[in-house]
**Student:** 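This is the structure I have questions about; it appears just below.
Nothing here was measured: the structure is a model prediction, and the numbers come from that model. Residue indices begin at 1 and follow the sequence shown.
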Amino acid sequence: MYCVRKVTKDVFWVGANDHRLHLFENIHPIPLGVSYNAYLLLDEKTVLFDTVDWSVCRQFLENVEHVLGGRDLDYMVINHMEPDHCASMEEIVLRYPNVKIISTEKSFMLMRQFGFKIDNQELIEVKEGDTTTFGKHTVAYVEAPMVHWPEVMVEYEKSEKILFSADGFGKFGALDADEDWACEARRYYFNIVGKYGAQVQALLKKAATLDIQTICPLHGPILKENLGYYI
């Protein structure tokens with residue numbers, strides 16, 4: 001059974017909650033679970049931003065199919081190659097064989113090293129400052145190395161002012177957990193991203209030049225207020 005959330009008129013959350021784990025990355029306690037977030041844009045072209053952990057792949061695929069509503073998937077943007085976000089890539093390729101994959105040079109290198117079968121797809125390599133227009137939505141690509149893996153990038157969607165922020169601005173806890181945002185966001189930052197503080201500050205300086213109204217992270221809730229909290 002599909003379970004999706006509307007982010008804006010054209011952007012949908014198609015991820016899943018995971019309550020089966022007691023430890024995130026087998027280290028960090030997550031008594032209230034964790035969410036694996038992915039997002040789908042419906043425009044003249046359809047665009048999937050990242051995938052999810054293998055443990056919630058079935059729910060994710062049902063969500064994607066429901067939002068597409070019979071349309072094909074045109075593009076898949078991969079921001080981060082950590083397995084809890086990229087593990088379901090091949091399942092997307094199997095179901096949508098015409099999908100074009102957008103990512104960085106380092107990400108494509110990691111995909112091949114991980115054994116993903118991607119070379120039959122059209123691969124679009126992007127770098128800092130590149131843009132892609134999918135209809136009325138245009139995204140600009142921003143490199144974010146070591147926030148917190150070397151291949152990471154994020155996107156800024158210009159018309160709806162959305163930052164797809166990869167592992168930045170995330171938090172522990174499933175989306176159906178009733179808890180204070182700041183406490184678990186702080187614990188997530190300290191344990192996952194905080195050791196790369198200099199790189200985080202570099203990304204925040206880039207973000208400060210953008211008019212960001214919504215942040216879509218790969219873990220935790222979509223943010224539409226208190227966007228300066230991390231600084």
**Student:** Taking side chain to side chain contact (heavy atoms under 4.5 Å, CB included) as the test, write out the residues that go with Lys195, two or more places apart.
**Tutor:** none

**Student:** Taking the side chain as every heavy atom from C-beta outward, state whether Thr132 and Glu155 have any pair of such atoms under 4.5 Å apart.
**Tutor:** no

**Student:** Assess the side chains of Thr133 and Thr138: does a donor N or O sit below 3.5 Å from an acceptor N or O?
**Tutor:** yes

**Student:** For Pro221 versus Lys171, what's the shortest heavy-atom pair and its separation?
**Tutor:** CD-CD, 3.2 Å

**Student:** Quick one: does Val93's side chain get under 4.5 Å of Gln121's, heavy atoms only?
**Tutor:** yes

**Student:** Which heavy atom of Ala16 sits nearest a heavy atom of Gln59, and at what distance?
**Tutor:** CB-CG, 3.9 Å

**Student:** Just how far is it from atom CZ of Phe114 to atom OG of Ser107, taken to the nearest 0.5 Å?
**Tutor:** 9.0 Å

**Student:** Could you check whether atom CZ of Arg112 has more than 12 heavy atoms from other residues, nucleotides or ligands sitting under 6.0 Å from it?
**Tutor:** yes

**Student:** Using salt bridge (charged side-chain N to carboxylate O under 4.0 Å, His left out) as the criterion, list what pairs up with Asp43, not counting sequence neighbours.
**Tutor:** none

**Student:** Quick check for you: to the nearest 0.5 Å, what is the distance between Leu73 atom CG and Thr46 atom OG1?
**Tutor:** 4.5 Å

**Student:** Between Gln113 and Leu110, is there a side-chain heavy-atom distance shorter than 4.5 Å?
**Tutor:** yes

**Student:** Restricting to side chain to side chain contact (heavy atoms under 4.5 Å, CB included), what partner residues turn up for Glu65, sequence neighbours left out?
**Tutor:** Tyr96

**Student:** Just jot down the salt bridge (charged side-chain N to carboxylate O under 4.0 Å, His left out) partners of Asp53, sequence neighbours excluded, or say none.
**Tutor:** Arg20

**Student:** Taking ILVMFWY side chains as joined if any heavy atoms are under 4.5 angstrom apart, and letting links pass through other members, which residues group with Tyr196?
**Tutor:** Met146

**Student:** Is there a chain of hydrophobic side chains (I, L, V, M, F, W, Y, each step under 4.5 Å between heavy atoms) that links Val34 to Leu218?
**Tutor:** no

**Student:** Looking at every heavy atom in both Gly197 and Tyr189, which two are closest together, and how far apart are they?
**Tutor:** CA-OH, 4.0 Å

**Student:** Are Ile192 and Phe24 side-chain neighbours, meaning at least one heavy-atom pair lies under 4.5 Å?
**Tutor:** yes

**Student:** Do the side chain of Asp50 and the main chain of Ala38 share a donor and acceptor less than 3.5 angstrom apart?
**Tutor:** no

**Student:** Linking Ile, Leu, Val, Met, Phe, Trp and Tyr through side-chain heavy atoms less than 4.5 Å apart, which residues share a cluster with Val11?
**Tutor:** Val7, Trp13, Tyr39, Leu41, Val47, Phe49, Tyr75, Val77, Ile102, Ile124, Val126, Phe134, Val139, Tyr141, Met153, Ile162, Phe164, Leu175, Ile222

**Student:** Please enumerate all residues that pass side chain to side chain donor-acceptor pair (under 3.5 Å) together with His19, with sequence neighbours excluded.
**Tutor:** Asp176

**Student:** Do Met76 and Lys100 make a side-chain contact, defined as non-hydrogen atoms from C-beta onward lying under 4.5 Å apart?
**Tutor:** no

**Student:** Could you please spell out the steps behind the salt bridge (charged side-chain N to carboxylate O under 4.0 Å, His left out) verdict for Glu91 and Arg95?
**Tutor:** CA-CA 6 Å; Glu91 293 299 316; Arg95 286 162 175 78; 2.5 Å; yes

**Student:** Side chains of His85 and Asp167: is there a donor and an acceptor less than 3.5 Å apart?
**Tutor:** yes

**Student:** With a 4.5 Å cut-off on side-chain heavy atoms, are Phe172 and His219 touching?
**Tutor:** no

**Student:** Regarding His137 and Glu44, is there a side-chain donor-to-acceptor distance under 3.5 Å anywhere?
**Tutor:** no

**Student:** Quick one, Ile78 and Phe108 - any side-chain contact, counting heavy atoms below 4.5 Å?
**Tutor:** no

**Student:** From Ile30 CD1 over to Glu25 CD, what is the distance, rounded to the nearest 0.5 angstrom?
**Tutor:** 9.5 Å

**Student:** Over all heavy atoms of both residues, which pair between Met111 and Met81 is shortest? Give the atoms and the distance, please.
**Tutor:** CG-CE, 3.5 Å

**Student:** Looking only at non-hydrogen atoms, find the nearest pair between Ser35 and Gly220 and report the distance.
**Tutor:** OG-N, 2.8 Å

**Student:** Quick check on Asn120: does its CG atom have over 12 non-hydrogen neighbours (other residues, nucleotides or ligands) under 6.0 Å away?
**Tutor:** no

**Student:** Angle class for the Tyr2/His66 ring planes (parallel below 30°, perpendicular above 60°, tilted otherwise)?
**Tutor:** parallel

**Student:** Applying side chain to side chain contact (heavy atoms under 4.5 Å, CB included), can you list everything that pairs with Asn26, at least two apart in sequence or on another chain?
**Tutor:** Leu23

**Student:** Distance from Cys86 atom SG to Glu151 atom CD, nearest 0.5 Å?
**Tutor:** 8.5 Å

**Student:** Checking Phe116 now: which residues fulfil ring-ring contact (aromatic ring centres under 6.0 Å, His included) with it, not counting sequence neighbours?
**Tutor:** none

**Student:** Can you name the residues that form a side chain to side chain contact (heavy atoms under 4.5 Å, CB included) with Ala87, not counting sequence neighbours?
**Tutor:** Trp54

**Student:** Please give the remaining members of the hydrophobic cluster of Leu32, linking ILVMFWY side chains under 4.5 Å, ordered by chain and number.
**Tutor:** none

**Student:** My understanding is that only residues two or more places apart in sequence, or in another chain, count here; which of them pass salt bridge (charged side-chain N to carboxylate O under 4.0 Å, His left out) with Glu128?
**Tutor:** Lys206

**Student:** So, for Val67 and Leu42, which heavy atoms are closest and what is the spacing to 0.1 Å?
**Tutor:** O-CD1, 3.7 Å

**Student:** Within a 6.0 Å radius of atom CD on Glu125, are there more than 12 heavy atoms belonging to other residues, nucleotides or ligands?
**Tutor:** yes

**Student:** Evaluate the side-chain proximity of Leu40 to Asn63: yes if any heavy-atom separation is below 4.5 Å, no if none is.
**Tutor:** no

